[in-house]
Amino acid sequence: MGHAEYAKKGKPDIVCAAISALTIGTINSLEELAGEKLQISQNEETGFLSCNFESTLQEKSSFLMDSMVFSLENISKEYGEKYLQVKFEEV
């Protein structure tokens, strides 16, 4: 949730763009390639994105999620937790 705010006001934000590409790309892959049924909620203005699974993850879906998390953690390490914090919650 939220925007990275890495770039100065009025300039393209490469961190936000990378995060968006990864998360939206993963959601699209989960739906189209893995056939997952998802409940998605988003607000572009606030930078909020939520994706809930309607059933237990398939093995390939779990791999897609692991890949996304790996990439997001690398962005956080590269640019700093000020711009991206990866947190896990069990639900």
> Does any non-hydrogen side-chain atom of Ile40 lie less than 4.5 Å from one of Leu49?
Replying inline: yes
> Can you check whether Leu84 reaches Val86 side chain to side chain, under 4.5 Å on heavy atoms?
Replying inline: yes
>> For Ser61, give me all partners under side-chain hydrogen bond (donor to acceptor under 3.5 Å, both in side chains), at least two apart in sequence or on another chain.
In response: Glu36
>> Taking atom CD as the centre, does Glu54 end up with more than 12 heavy-atom neighbours from other residues, nucleotides or ligands that are less than 6.0 angstrom away?
In response: yes
> With side chains defined as the heavy atoms from C-beta onward, is the minimum distance between Ile75 and Leu22 less than 4.5 Å?
Replying inline: yes
> Could you state the interatomic distance from CD1 (Ile27) to CD (Glu32), rounded to the nearest 0.5 Å?
Replying inline: 12.5 Å
> How long is the span from the OG atom in Ser76 to the NZ atom in Lys82, to the nearest 0.5 Å?
Replying inline: 13.5 Å
>> Just so I know, are the side chains of Asn74 and Glu78 near enough to count as touching, which here means a heavy-atom distance under 4.5 Å?
In response: no
> Are Asn52 and Ser50 close enough, and set up right, to give a side-chain contact (heavy atoms from CB on, under 4.5 Å), and what steps lead you there?
Replying inline: CA-CA 7 Å; Asn52 295 303; Ser50 173; 3.7 Å; yes
> Just how far is it from atom OG of Ser71 to atom CG of Asp66, taken to the nearest 0.5 Å?
Replying inline: 11.0 Å
> Who are the ring pair (Phe, Tyr, Trp, His ring centres under 6.0 Å) partners of Phe70, not counting sequence neighbours?
Replying inline: none
> Does any non-hydrogen side-chain atom of Phe53 lie less than 4.5 Å from one of Leu38?
Replying inline: yes
> What pair of heavy atoms forms the shortest contact from Met65 to Leu57, and how long is it?
Replying inline: CG-CD1, 4.4 Å
> Can you tell if the side chain of Phe63 reaches within under 4.5 Å of the side chain of Gln58, non-hydrogen atoms only?
Replying inline: no
> Between atom CD of Glu31 and atom OG1 of Thr26, what is the distance when rounded to the nearest 0.5 Å?
Replying inline: 11.5 Å
>> On a heavy-atom basis, which atom in Ala34 and which in Lys60 lie closest, and how many Å separate them?
In response: CA-CE, 3.8 Å
> Atom NZ of Lys77 and atom CG of Leu72: how far apart are they, to the nearest 0.5 Å?
Replying inline: 12.0 Å
